[in-house]
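No hydrogens, no waters, no symmetry mates; every other heavy atom, side chains included, goes into these values.
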Amino acid sequence: MTATTDEKLASAADTKLTVTDEVKSLSKEERLALIRVNLAEVLNPEILENALNEGRDPRIYWGTATTGRPHCGYFVPAMKIGQLLAAGCHVIVLLADIHGFLDNLKAPIELVNYRAQYYKFCITSILKAVKVPTDKLEFVLGSSYQKSPEYIMDVYKLCSVVSEHDAKKAGAEVVKQSDNAPLSGLLYPILQVLDEEYLKVDCQFGGVDQRKLFAAAKEWLPRLGYKERAHIMNPMVPGLQGSKMSSSDPDSKIDLLDPPEVVAKKIKKAEAAPGVAEGNGLLAFTEFVLLPAATLYGDGKFHVDRERDGLPPLVYTEAAQMSADYQNDVLTPQLLKPAVTKALTALLAPIQADYQASKEWQEVTLKAYPLEEKKKKEKKVKNKGTRYPGGGKPEGAADGAEAPAPAQ
């Protein structure tokens with residue numbers, strides 16, 4: 001497989017930035033390539049092109065509901081945010097605390113503020129770890145504007161022109177579904193669509209699991225007289241067991257604060273069938289995190305050691321070649337897993353150092369995710385019976401119950 005035009009232009013842009021660190025040295029085409037590279041889909045790309053033609057830095061927002069602890073899957077949007085910032089975009093990270101509460105009460109209202117603070121620490125440290133300049137990065141707390149009279153009135157207006165069926169469809173992939181679900185799940189997509197207007201952005205960034213919601217935004221906003229926005233989507237990276245990486249499934253993800261021995265243990269247990277590249281979480285993580293990270297702060301290469309076999313290391317700059325080698329058994333699970341472990345451990349080290357150095361981060365962690373006390377299992381007392389032939393009524397037997405006749 002050969003590199004796409006976007007990949008070539010993005011690579012050229014990365015080279016220029018390494019030398020000058022000046023966005024103004026990039027052409028419009030190179031900036032667009034950095035925005036589009038490694039994306040699964042782009043809706044209304046002309047909106048981004050128009051912003052650049054007008055001499056403006058595109059405003060793009062990425063929102064995250066502050067629920068479970070951020071894990072290594074967050075490196076995927078973080079790498080894309082790094083590329084957007086490198087392209088000179090103004091990026092807003094929406095810490096969606098109210099969304100976290102609305103999504104089937106995933107985040108108790110008493111904890112959402114602490115969790116928003118925890119998320120800010122994590123995301124800032126992730127970007128810092130891969131040497132991403134954050135002067136054009138802005139954090140916004142959802143509740144800072146989502147409780148204003150104007151916003152609430154627009155929620156009511158949108159509720160009056162959007163059907164229950166359409167609201168449920170829009171949130172089907174991102175809102176927890178259950179029988180007899182609370183009404184809050186229908187409000188979730190309403191708020192996310194309005195956020196595009198109230199954050200005054202040109203574009204919203206998210207995963208392909210949000211496509212239905214993004215399509216709804218294109219249709220719903222004009223109903224209130226607001227303009228359409230562009231939408232860019234990154235692929236969903238499989239977890240360690242092949243499914244989506246999720247905070248609620250400890251076997252599918254690696255926590256940002258997991259120590260090296262835990263990281264090594266989880267990767268060793270990861271599902272990685274020999275010769276099968278599709279659905280391989282380790283290959284996908286390398287493509288969308290480790291290779292872009294190496295470009296942002298290293299030599300742009302992913303190294304696989306083969307010293308135990310007496311062979312020179314495998315060195316990759318493109319995910320396509322890596323996937324081909326894996327399918328041809330040149331790159332095996334036994335070689336891939338230690339290489340991913342080494343690269344990820346190095347990536348996590350500065351984040352964990354930030355955590356250890358920050359008393360405030362440590363205190364917020366305990367408040368955001370308080371330790372649950374393990375309930376002691378009560379021993380069940382076996383009822384061995386109190387009856388014997390000719391005996392009386394067992395203690396607690398219903399009045400009037402007849403005792404069995406004595407044995408003859």
Please examine the side chains of [Y] and [X], heavy atoms only from C-beta on, and report whether any two atoms are closer than 4.5 Å.
| X | Y | answer |
| --- | --- | --- |
| Y198 | E150 | yes |
| P333 | Y326 | yes |
| I232 | L84 | yes |

May I have the list of side-chain donor-acceptor pairs in residues 44-53 shorter than 3.5 Å, sequence neighbours left out?
unit_1, atom_1, unit_2, atom_2, d
N44, OD1, K218, NZ, 2.6
N44, ND2, E46, OE2, 3.0
N50, ND2, E46, O, 3.2
N53, OD1, K28, NZ, 2.9
N53, ND2, E49, O, 3.2

Test N234 against F205 for side chain to side chain contact (heavy atoms under 4.5 Å, CB included), laying out the working first.
CA-CA 8 Å; N234 63 281; F205 163 53; 3.1 Å; yes
Run the side-chain donor-acceptor check on residues 338-347: report pairs under 3.5 Å with partners two or more places apart or on a different chain.
unit_1, atom_1, unit_2, atom_2, d
T341, OG1, K337, O, 2.8
T345, OG1, T341, O, 2.6

Looking at residues at least two apart in the chain, or sitting in another chain, which of them share a ring pair (Phe, Tyr, Trp, His ring centres under 6.0 Å) with F214?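 With neighbours one apart ignored, the set is H231.
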Ring pair (Phe, Tyr, Trp, His ring centres under 6.0 Å) partners for Y114, two or more places apart: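 By the ring pair (Phe, Tyr, Trp, His ring centres under 6.0 Å) rule, Y114 matches no residue at all.
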| said: Distance check, rounded to the nearest 0.5 Å: L127 atom CG versus Y74 atom OH? | reply: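 Going from the CG atom of L127 to the OH atom of Y74 covers 13.5 Å.
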For [X], all residues meeting side-chain contact (heavy atoms from CB on, under 4.5 Å), sequence neighbours excluded:
| X | value |
| --- | --- |
| K157 | M153, D154, L224 |
| A294 | none |
| E164 | L186 |
| D135 | P133 |

Check salt bridge (Lys or Arg N to Asp or Glu O under 4.0 Å) between [X] and all other residues, then give those that pass, not counting sequence neighbours.
| X | value |
| --- | --- |
| D258 | K266 |
| K128 | D354 |
| D305 | none |
| K359 | none |

Inset, instruction - Inspect the contact between D57 and R31 and indicate whether a charged nitrogen and a carboxylate oxygen are less than 4.0 angstrom apart. - result: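 Judged by the 4.0 Å cut-off on N to carboxylate O distance, R31 and D57 do form a salt bridge.
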Can you tell me which residue among Q204, E196, R229 is in a side-chain hydrogen bond (donor to acceptor under 3.5 Å, both in side chains) with Y61?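 Among the candidates, only Q204 passes.
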Exercise. Begin with the C-alpha distance, continue with both residues' side-chain angles, and end with the deciding distance and a verdict on side chain to side chain contact (heavy atoms under 4.5 Å, CB included) for L282 and L240.
Key: CA-CA 7 Å; L282 298 179; L240 298 178; 4.1 Å; yes
Check against side chain to side chain contact (heavy atoms under 4.5 Å, CB included), Y119 and T67
CA-CA 9 Å; Y119 269 62; T67 53; 3.9 Å; yes
